[in-house]
Amino acid sequence: MTQFTEEVLVIIKRIPYGRVMSYGQVARFAGNNRGARQVARILHSMTEKYELPWHRIINSKGRISITDARYAAIQRELLISEGVEVSEEGYVDISIYGI
DNA sequence: CTAATGACGCAGA
DNA sequence: ATCTGCGCCATTA
């Protein structure tokens, strides 16, 4: 467990309800402006062990970036259940729901 | 040790 | 909007 990982977990826990952040944004907040990929991998492996709002993390284009269609669908539903508008293609208006 | 991989990001075309 | 190439870096083979 690196310090970066802990920082990332804390940052994600602080994302307010109904808002979203990008991987790169989280990485920068955690002190590593180039750690987007690491953030992605952390979420990929830690989502079931920690109670994290992992669904509030999308890519910088404001789009759901999960390759696994099943999980992508789940994330979309979770966001919608929080009042976030998500298109069929998985797009979110970051100018509204972004940080 | 090298090489491939990927829930990413950004600049170009 | 879509696609490509490059950079990045921990993890895995």
Side-chain angles (χ1 to χ4, degrees):
Chain A
M1 182 75 95
T2 65
Q3 187 197 6
F4 175 68
T5 300
E6 295 181 41
E7 287 293 324
V8 169
L9 297 179
V10 172
I11 301 294
I12 294 175
K13 284 180 181 175
R14 289 182 173 166
I15 301 176
Y17 181 96
R19 307 295 294 286
V20 298
M21 266 214 253
S22 77
Y23 299 87
Q25 217 166 36
V26 172
R28 284 195 295 275
F29 264 78
N32 184 344
N33 57 344
R34 295 176 290 193
R37 307 197 81 127
Q38 284 77 301
V39 172
R41 183 155 26 68
I42 290 170
L43 265 50
H44 184 66
S45 58
M46 306 267 189
T47 49
E48 295 181 3
K49 303 182 178 180
Y50 300 81
E51 293 197 20
L52 293 171
W54 60 274
H55 54 283
R56 295 182 217 179
I57 309 299
I58 57 181
N59 67 23
S60 67
K61 299 291 192 304
R63 189 182 196 184
I64 290 176
S65 182
I66 301 180
T67 50
D68 188 322
R70 296 179 301 107
Y71 275 102
I74 293 174
Q75 175 171 23
R76 180 164 177 275
E77 292 305 313
L78 287 171
L79 287 173
I80 291 177
S81 72
E82 292 190 352
V84 178
E85 296 178 53
V86 186
S87 71
E88 300 259 340
E89 296 78 21
Y91 281 103
V92 173
D93 189 336
I94 56 178
S95 69
I96 298 176
Y97 305 103
I99 303 297

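Within every chain, numbering begins at 1; the chains are lettered A, B, ... in the order of the sequence lines, protein sequences first and strands thereafter.
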Not counting sequence neighbours, which residues clear side-chain hydrogen bond (donor to acceptor under 3.5 Å, both in side chains) with [X]? List them please.
| X | result |
| --- | --- |
| A/D93 | A/S95 |
| A/R63 | A/Y91 |
| A/S81 | none |
| A/D68 | A/R70 |

Scan residues 7-37 of chain A against DNA chain C and write down, sorted by residue number, each residue with any heavy atom closer than 4.0 Å; if none is found, say none. A/R34, A/R37
Under the side-chain contact (heavy atoms from CB on, under 4.5 Å) rule, collect the residues that match up with A/A73, sequence neighbours excluded. none
Let me have the donor-acceptor pairs involving side chains of residues 27-43 of chain A, under 3.5 Å, with sequence neighbours excluded, atom names and distances please.
from: A/N32; atom 1: OD1; to: A/R34; atom 2: N; distance (Å): 2.9
from: A/N32; atom 1: OD1; to: A/G35; atom 2: N; distance (Å): 3.2

Listed in order of residue number, which residues of residues 52-60 of chain A have a non-hydrogen atom at under 4.0 Å from DNA chain B? A/W54, A/N59, A/S60
Just to be sure I understand the geometry, which residues of residues 76-99 of chain A put a non-hydrogen atom under 4.0 Å away from DNA chain B? none
Return each pair, listed once, that meets salt bridge (Lys or Arg N to Asp or Glu O under 4.0 Å) where at least one residue sits in residues 8-23 of chain A; pairs must be two or more places apart or across chains. none
First and last nucleotide of DNA chain C, 5' to 3', lying under 4.0 Å from heavy atoms of chain A: C/dT2 to C/dT11
Could you work out, with salt bridge (charged side-chain N to carboxylate O under 4.0 Å, His left out) as the rule, every residue matching A/E82, not counting sequence neighbours? A/R56
